[in-house]
2 protein chains.
Amino acid sequence: MAQIRTFDRRRLIFQQDDPCPGLFIVGEGLVKVYNLAAGGKEHVLHLVEPGGTFAEVAAIGGFDCPASAEAMEPTICALLPLEPFKRVLAEDHGLCLGLLTGMAKWVRHFVGLMEDIVLRDALGRVAHYLLDTSGGRSDQIALPAMKKDLASHLNLTSETLSRTLRRLTESDLIDLLDGRHIRIKDAEGLRSVADGMFPES
Amino acid sequence: MAQIRTFDRRRLIFQQDDPCPGLFIVGEGLVKVYNLAAGGKEHVLHLVEPGGTFAEVAAIGGFDCPASAEAMEPTICALLPLEPFKRVLAEDHGLCLGLLTGMAKWVRHFVGLMEDIVLRDALGRVAHYLLDTSGGRSDQIALPAMKKDLASHLNLTSETLSRTLRRLTESDLIDLLDGRHIRIKDAEGLRSVADGMFPES
DNA sequence: CCGCCGCCTTGATCTGGATCAAATCCCCGT
DNA sequence: ACGGGGATTTGATCCAGATCAAGGCGGCGG
């Protein structure tokens with residue numbers, strides 16, 4: 001029922017205000033979902049990794065795409081077109097319930113991002129992002145994308161992100177392993193920075 | 001099946017991290033849904049007028065309240081407690097579909113707010129808010145709440161909101177009728193300010 | 001292996017909006 | 001009407017983070 005779609009690196013998948021083509025599920029690669037301001041500034045709403053979906057909200061709500069999407073790496077997606085999706089949705093109550101709770105979780109995550117941007121300063125945002133991304137699982141974090149895109153996600157410039165990571169390193173809260181990997185040295189301390197404390201050193 | 005609940009002015013309805021009591025529907029009054037930062041700064045997520053609902057997301061997703069809610073005026077709500085709500089939801093496919101599209105619209109509105117906060121400056125945010133609130137219907141706008149709460153919703157201070165409204169007035173784009181009412185004089189011009197143009201005068 | 005181009009870091013400066021500080025205004029209860 | 005307390009306006013100053021400006025560092029194609 002679904003189609004397979006492949007996209008080269010830097011390929012635009014859809015643009016803001018395009019009619020919604022359906023529900024995408026990422027199989028491989030990385031997709032950046034973002035908005036553009038009049039002046040050209042970009043805000044990265046969501047970085048979608050394999051297993052994630054995008055364009056669900058527009059597909060369900062029946063309106064045009066509220067953002068643009070671009071493949072950041074060679075990417076393979078399954079696309080479930082709008083009509084069959086709506087048909088299945090109208091029949092399958094279990095699916096409907098599942099989507100509802102999935103959407104609720106997604107909204108909550110999104111409210112969290114908004115809170116970060118509005119209520120935390122740069123240091124707090126980065127600290128909170130690192131804790132969230134590590135998931136408490138491991139103290140080893142692989143950044144999902146280029147730093148400039150992470151910075152945009154957190155509504156920072158890449159310069160500020162760079163300086164902020166340096167500050168956290170100098171306070172012995174994290175280690176910068178290489179450009180793409182970070183180790184959390186002091187999760188406790190990082191948590192207090194995320195909650196507005198000033199790092200000691 | 002639902003209970004009626006009344007709240008005095010300034011009465012806290014629930015706090016962030018409380019277990020979700022269920023789905024609220026406002027009958028009369030005004031409810032402020034907001035988050036607090038560590039340092040005490042407040043962000044108004046949503047101002048709920050009669051006919052609106054709140055706490056839906058937590059009720060559906062089954063997690064704790066992601067924000068706090070306070071009655072801004074004497075307020076009457078219907079509260080549909082969690083258990084009966086879940087029971088109905090599990091049985092009624094039509095309701096489930098309705099909630100799903102309602103939630104999608106809400107997410108979209110919310111993405112719009114995020115876009116505003118991240119991609120527009122103070123002038124653009126206020127101009128866009130005024131256009132959105134008028135709905136193109138009438139050129140007469142009744143502000144739903146105190147200016148300091150509107151300012152917080154747009155991630156501004158009340159001082160900046162005040163100055164911004166003055167600038168728009170001096171550019172002949174709006175008229176300040178009284179503390180609670182604004183008339184749009186030049187919707188065209190306001191739109192271009194919202195899209196990043198500098199007001200002429 | 002080399003060269004190039006784009007990302008990342010670091011430093012210097014600038015600025016929009018926050019913060020601090022007064023007046024006023026306005027609503028509401030007495 | 002009167003008084004009081006919070007809301008709003010207005011002015012002066014401050015500051016976190018943006019912007020501007022160089023280097024430095026990879027990674028990839030040839």
Side-chain angles (χ1 to χ4, degrees), chain A residues 8-10 30 32 37 39-44 70 72-74 116-127 129 143-170 174-182 193 196 198-199, chain B residues 8-10 30 32 37-44 70 72-74 116-127 129 143-170 174 176-182 193 196 198-199:
Chain A
D8 296 337
R9 188 159 183 284
R10 299 197 117 273
L30 182 70
K32 173 173 78 175
K41 180 178 169 183
E42 169 182 302
H43 180 230
V44 176
E70 180 187 320
M72 300 301 289
E73 302 172 6
D116 277 3
I117 286 175
V118 168
L119 298 177
R120 290 185 215 264
D121 63 9
L123 211 45
R125 257 175 273 175
V126 173
Y129 176 80
L143 302 178
M146 284 185 305
K147 294 216 174 121
K148 66 170 183 163
D149 291 314
L150 294 180
S152 161
H153 182 58
L154 298 173
N155 197 29
L156 298 171
T157 57
S158 58
E159 290 96 324
T160 299
L161 175 58
S162 179
R163 286 187 250 265
T164 302
L165 287 173
R166 171 149 304 288
R167 282 224 275 159
L168 292 174
T169 306
E170 282 166 0
I174 61 174
D175 276 336
L176 298 174
L177 303 180
D178 66 68
R180 276 308 247 266
H181 295 267
I182 288 175
V193 169
F198 195 73
Chain B
D8 297 335
R9 187 159 185 285
R10 299 199 115 267
L30 182 70
K32 173 172 80 174
K41 180 178 168 182
E42 168 181 301
H43 180 231
V44 176
E70 180 186 318
M72 299 301 289
E73 303 171 7
D116 277 5
I117 287 175
V118 168
L119 298 177
R120 291 186 216 264
D121 62 10
L123 211 45
R125 256 175 274 175
V126 173
Y129 175 79
L143 301 178
M146 284 184 306
K147 294 218 175 118
K148 65 170 185 162
D149 292 314
L150 294 179
S152 160
H153 182 57
L154 298 172
N155 197 28
L156 298 172
T157 57
S158 57
E159 291 95 325
T160 299
L161 175 58
S162 178
R163 286 187 250 266
T164 302
L165 287 172
R166 171 150 307 285
R167 283 224 275 157
L168 292 174
T169 305
E170 281 166 1
I174 63 175
L176 298 175
L177 303 180
D178 66 67
R180 276 310 247 265
H181 294 267
I182 289 175
V193 169
F198 195 73

Between C/dG16 (C1') and B/Leu119 (CG): distance, integer Å: 16 Å
Under 4.0 Å from OP1 or OP2 of C/dT9: is there any side-chain N or O of A/Arg166 that close? no
Atom pair distance, as rounded to whole Å: CD in B/Glu73 and P in C/dC27: 14 Å
May I have the distance from A/Glu159 (atom CD) to C/dC8 (atom C1'), rounded to whole angstrom? 9 Å
Value in whole Å for how far the P atom of C/dC25 lies from CG of B/Leu176: 15 Å
Would A/Glu42 and A/Lys32 pass as an ion pair if we require N to O under 4.0 Å? yes
Test side-chain contact (heavy atoms from CB on, under 4.5 Å) on B/His181 and B/Leu143 and set out the steps. CA-CA 6 Å; B/His181 294 267; B/Leu143 301 178; over 6 Å; no
Are A/Arg9 and A/Glu73 packed together at the side-chain level, in the sense that at least one heavy-atom pair is separated by less than 4.5 angstrom? no
For a quick check of understanding: with a heavy-atom distance under 4.0 Å over all strands, which category does B/Asp149 fall into, base, sugar-phosphate or nothing? nothing
Report yes if a side-chain nitrogen or oxygen of A/Lys148 is closer than 4.0 Å to either non-bridging phosphate oxygen (OP1 or OP2) of C/dC7; otherwise report no. yes
Ignoring hydrogens, what is the shortest heavy-atom contact between A/Thr160 and A/Thr164? Give both atom names and the distance. O-OG1, 2.7 Å
Are B/Thr160 and C/dG17 close enough that a side-chain N or O sits under 4.0 Å from OP1 or OP2? no
Taking heavy atoms of chain B and a 4.0 Å limit, find me the 5'-most and 3'-most nucleotide of DNA chain D within that range. D/dA7 to D/dA12
Expressed in angstrom and rounded to an integer, what is the separation of B/Ile117 atom CD1 from C/dG17 atom C1'? 14 Å
May I have the distance from B/Leu161 (atom CG) to C/dG16 (atom P), rounded to whole angstrom? 18 Å
Can you classify the ring geometry of B/His43 versus B/His153 as parallel (below 30°), tilted (30 to 60°) or perpendicular (above 60°)? parallel
Determine the contact category for B/Asn155: base if any of its heavy atoms lies under 4.0 Å from a base atom, sugar-phosphate if only primed atoms, P, OP1 or OP2 are that close, otherwise nothing. sugar-phosphate
Look at the side chain of A/Arg163 and the base of C/dG11, then say whether one donor and one acceptor between them are separated by less than 3.5 Å. yes
Verify side-chain contact (heavy atoms from CB on, under 4.5 Å) between B/Leu161 and B/Val126, making sure each step is shown before the conclusion. CA-CA 8 Å; B/Leu161 175 58; B/Val126 173; 3.8 Å; yes
For A/Ala145 against A/Leu30, the heavy-atom pair lying closest together: CB-CD2, 4.0 Å
